[in-house]
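Written out below as structure tokens is the structure these notes cover.
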Amino acid sequence: MTKAITVSGLHKSFGRTHALDGLDLDVETGEVHGFLGPNGAGKSTTIRVLLGLLRADSGAAQLLGKDPWNDAVELHRRIAYVPGDVTLWRNLSGGEVIDLYGRLRGGLDKARRADLIERFELDPTKKGRTYSKGNRQKVALVAAFASDVDLLILDEPTSGLDPLMEEVFQECVREEQSRGRTVLLSSHILSEVEELCDRVSIIRKGATVETGSLAELRHLTRTAVSAELAGPPNGLSGLPGVHDLDIQGNRVRLQVDSDKLDAVLRSLTDSGVRTLTSTPPTLEELFMRHYQDEVRTEEAMAR
Amino acid sequence: MTAVADTTFAPRTGGNRHLAGTGALLRLALRRDRIMLPLWVLAIGGTTASAAGSLGAVYGTAEERAGVISSMTTNSSLRSLYGPVFDDSLGALVAWRYVAFMAAFAAVMSLLIVVRHTREEEETGRQEMLSSAMVGRRAPLTAALLVALIANAGIALLTTLGLAGEGATGALALGLAIGGVGMVFATMAAVMAQLTETARLAKGLTAAVLGVAWALKAAGDAASTDGSHVLTWLSPIGWAENMRAFAGERWWVVLLFAAVIVVQGAVAYHLAGRRDIGMSFLPARPGPANGTLSTATSLAWRLQRGSLLGWGIGFLLAGLMFGTMTEGAADLVGDNENTREILERMGGQAGVTNSFLAAMIGMLAMLAALYAVQSVLRLNGEETSQRAEPILAGAVGRIRWAAGHLYVAFGGAALIMLLGGLGLALGYGKDFGPVLGAVLVQTVAVWLLGSFAVLVYGLLPRVAALGWAYAGLSLGLGWLGAALNLPSAVMNLSPFEHLPKLPGNEMQWTPVLIQLALAAAFTVAGLVGLRRRDMQN
């Protein structure tokens with residue numbers, strides 16, 4: 001079993017800007033892989049390198065076992081790409097554009113095209129200039145999902161879609177997965193990521209900071225604990241992995257790295273627990289932490 | 001891993017994978033240009049093809065033609081404008097009158113086509129999605145050049161067929177000359193599209209080279225009676241002239257075209273295969289971090305000032321060039337009836353020098369009308385590209401927004417006319433007052449043509465491009481109408497016909513005031529229409 005995408009140590013600069021700084025990415029065949037990171041982290045640059053539109057300065061990248069730059073054309077028969085901001089030609093109809101992309105990829109499933117047009121409620125006879133943002137997105141999505149390909153690369157594909165269409169999009173991605181296709185999904189809509197992705201990679205400043213299943217990622221983050229104790233707490237501050245400790249009389253609030261929860265609970269029960277709430281981090285908190293770290297380090301550097 | 005069972009597409013990528021998808025892109029381009037392309041080909045090829053009839057009506061006999069020729073070839077100023085005449089056959093006369101102009105039009109068409117299907121696609125982001133499919137790295141460039149080749153071949157074919165009655169070999173030579181210049185500028189635009197980051201700059205640089213090529217040809221022809229001057233040979237338009245269609249064709253000039261086309265094409269292909277998509281070899285410089293733009297008018301100025309600067313420099317240089325030729329106009333064989341007649345039709349009744357100055361000012365004015373229309377129609381571009389919407393969503397009324405661009409259009413038109421006049425007077429070395437006055441009088445017609453574009457844009461935004469029609473008609477009548485002896489009812493359609501031919505004639509205020517009133521009325525009507533109609537999306 002080959003991996004669908006393997007990237008290691010990818011570097012790319014534009015003049016003095018280092019867009020990619022040793023990025024790694026592994027996507028298993030048949031999985032839906034979330035690709036996350038704050039604006040400007042290098043997601044779109046990575047995708048452009050994977051599509052052979054940019055040539056990496058150094059590092060290795062393989063798609064479906066081939067080189068994205070040298071084998072671009074052969075590879076693209078098996079890839080469908082949806083950008084976050086689709087531009088259409090003013091005087092071509094949506095249907096014409098869908099068929100064009102079908103021809104330019106590995107071919108188009110006619111029945112599936114008709115089905116998708118109906119589900120996305122798209123009027124394929126309208127000219128490019130008359131489509132709204134969401135409808136332009138739908139043209140690209142129909143073209144991608146109706147194409148006969150092995151790998152879908154979706155770069156914020158649902159921007160501008162309404163919640164109903166977002167639902168249709170998620171169904172389509174699941175159908176693609178059940179057919180054994182691989183999906184790389186870059187998105188800022190966390191509910192979408194949580195709903196669809198088997199694994200995610202979080203990148204920041206051109207490098208991968210975290211990768212794994214959502215469960216694994218949760219494990220790496222902190223749990224919020226607040227407790228009311230029978231007596232004053234004891235030795236909590238000395239425990240590893242405890243943060244933001246706040247003790248007021250017998251009340252304790254703290255954050256603890258999820259894998260260090262055991263020791264904290266033991267210490268708390270030693271003092272006698274009256275009430276205890278423990279909140280696992282929400283996905284939002286998880287990402288905010290990764291996204292905000294950047295801000296914090298920048299602030300620290302500025303000081 | 002899913003195996004790729006479908007191999008039916010393999011032959012398409014088999015040959016050269018860098019060219020994969022060229023066929024599909026070519027079909028896409030032809031489909032997109034289904035209206036524009038035939039119009040260009042018909043306008044350029046058709047005009048040339050029908051020239052034998054129209055010129056034949058004016059210069060039917062060999063004596064009439066010999067008269068024109070003797071006057072045209074002896075006067076350096078006229079030669080620099082139209083080029084030398086090589087023979088007194090009707091075919092040779094057609095070639096003389098049309099080859100340079102039509103070659104320049106073919107060049108403009110070609111550069112627009114090539115940039116439209118290369119850099120413009122990258123700039124809008126459409127190329128990124130296209131290139132994510134089975135499209136080789138050199139396919140977009142190849143498709144664009146093929147479209148240009150089809151268009152130029154169409155022009156050459158129409159020319160050859162239309163003029164075959166005057167001699168098939170001459171007709172073929174003329175067709176090849178026009179198409180050859182077209183392809184030289186197509187491949188040059190292909191190189192520029194690799195070097196620059198924006199389509200606008202790629203078009204501008206190629207157009208600048210075209211301007212230089214025209215100036216070199218004009219200077220070379222002024223200095224030599226048979227197109228043999230070195231400056232003429234430095235210009236592709238000069239080569240077209242030196243093909244000598246209908247006058248002992250020099251077929252080897254075709255090799256010159258072929259060599260330049262191949263070299264430029266090779267450079268473009270080399271660059272295209274080596275760069276990242278959307279990137280360029282001349283990267284855009286970063287802009288300021290903080291902006292000072294605060295009004296719709298200052299935004300309009302900021303958006304259009306680059307274009308105005310280019311036009312201004314061009315007009316100043318053109319004025320200087322024509323100005324230095326003015327003395328030469330007086331060298332004209334004084335008693336040549338034909339020349340005088342032609343000059344009088346083009347200019348005024350007074351002295352030859354004044355006629356020449358008036359004719360040049362008239363020509364600058366016709367070009368300035370193109371600036372005015374382009375600048376006015378920037379409104380339409382801003383509107384249809386959705387850039388106007390957020391501006392109008394601010395505390396800016398439609399009239400205020402439009403007015404910003406109209407100041408630049410009308411004020412800019414006056415400014416470039418004054419710069420052209422300044423150049424003329426400087427080059428000539430005297431008559432500053434009369435020349436600048438004459439320039440301002442002609443500006444009135446420029447404003448009228450610009451205001452027509454405002455009218456069309458305000459009332460019929462879907463066909464705003466028709467704003468070009470009146471200016472184009474006036475330009476065509478001015479350049480070709482006089483030599484064709486068109487009926488005055490037709491000639492009178494051009495506002496330039498009604499204005500006094502200055503310097504050298506009496507100033508007449510009536511036509512000036514009427515045209516000013518018309519221009520004001522058109523502008524107001526257009527603005528009222530703009531305020532009342534729906535904005536386009």
Side-chain angles (χ1 to χ4, degrees), chain A residues 1-4 12 14-15 29-30 44 47-55 64-65 69-83 85-92 96-97 100-107 129-130 132 140 143-144 147-151 153 179-182, chain B residues 1-10 12-14 16-21 23-25 27-29 31-36 116-117 120-139 273-279 283-286 384-386 462 536-537:
Chain A
M1 193 77 146
T2 355
K3 286 189 170 167
K12 175 75 189 177
F14 304 105
T29 300
S44 293
I47 287 176
R48 286 188 187 132
V49 170
L50 292 178
L51 290 171
L53 302 173
L54 303 180
R55 198 212 290 258
L64 307 172
W69 178 264
N70 289 320
D71 306 324
V73 172
E74 298 93 293
L75 266 177
H76 291 176
R77 180 184 303 150
R78 302 161 61 192
I79 296 175
Y81 166 59
V82 177
D85 199 352
V86 176
T87 328
L88 302 176
W89 297 273
R90 295 168 54 77
N91 61 350
L92 296 192
E96 279 183 295
V97 173
L100 168 73
Y101 280 112
R103 277 196 296 273
L104 285 173
R105 292 173 184 146
R129 62 167 175 270
T130 59
S132 67
S147 296
D148 193 10
V149 294
D150 298 327
L151 172 63
I153 296 181
R179 269 178 243 199
R181 292 172 181 173
T182 312
Chain B
M1 162 102 355
T2 329
V4 186
D6 181 5
T7 52
T8 51
F9 288 95
R12 291 207 319 205
T13 57
N16 184 341
R17 60 191 174 160
H18 286 310
L19 297 180
L25 289 187
R27 277 167 62 191
L28 170 67
R31 173 92 182 113
R32 287 178 63 203
D33 292 352
R34 58 191 181 266
I35 310 279
M36 193 182 90
R116 173 176 160 85
H117 293 295
E120 206 163 298
E121 288 292 277
E122 287 183 50
E123 205 185 342
T124 55
R126 290 188 288 249
Q127 191 60 53
E128 179 177 303
M129 198 171 155
L130 278 173
S131 292
S132 78
M134 279 200 291
V135 170
R137 239 160 242 128
R138 287 165 178 166
R274 289 170 62 90
R275 68 182 176 87
D276 292 336
I277 192 165
M279 304 295 153
R285 280 172 306 166
T384 53
S385 62
Q386 317 294 323
R462 289 251 167 249
Q536 309 168 75
N537 53 23

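Given the structure is predicted, the values throughout are model-derived calculations rather than measurements. Residue numbering restarts at 1 for every chain, and letters A, B, ... go by the order of the sequence lines.
- For B/L130, the parts lying under 4.5 angstrom from a heavy atom of chain A are both the backbone and the side chain.
- Neither the backbone nor the side chain of A/A80 comes within less than 4.5 Å of any heavy atom in chain B.
- In this structure, B/H18 contributes its side chain and B/A139 its backbone to no donor-acceptor pair below 3.5 Å.
- Your options are B/R275, B/R27, B/R126, and the one with the most heavy-atom pairs under 4.5 Å with chain A is B/R126.
- Judged by distance alone, with hydrogens and angles left aside, the side-chain atoms of A/H76 form a donor-acceptor pair with the main-chain N or O of A/L51 at under 3.5 Å.
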* **Derivation of the salt bridge (charged side-chain N to carboxylate O under 4.0 Å, His left out) call for A/R77 and A/D148** => CA-CA 8 Å; A/R77 180 184 303 150; A/D148 193 10; over 6 Å; no
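- In this structure, chain B has heavy atoms under 4.5 Å from both the backbone and the side chain of A/L53.
- Residues that satisfy the side-chain contact (heavy atoms from CB on, under 4.5 Å) test with A/E96, not counting sequence neighbours, are A/L92, A/S93, B/R31.
- The side-chain contact (heavy atoms from CB on, under 4.5 Å) check on B/D276 picks up A/K12, A/L54, A/R55, A/W69, B/M279, with sequence neighbours excluded.
- The contact between B/R34 and chain A is made entirely by side chain atoms (from C-beta outward), counting heavy-atom distances below 4.5 Å.
- Contacts between A/L88 and chain B at a heavy-atom distance below 4.5 Å involve the backbone alone (N, CA, C, O).
- Using a 4.5 Å cut-off between heavy atoms, A/D85 makes no contact with chain B at all.
- Residue B/E121 touches chain A through its side chain alone, counting heavy-atom pairs closer than 4.5 Å.
- Using modelled atom types, no side-chain atom of A/D150 and backbone atom of A/R181 make a donor-acceptor pair closer than 3.5 Å.
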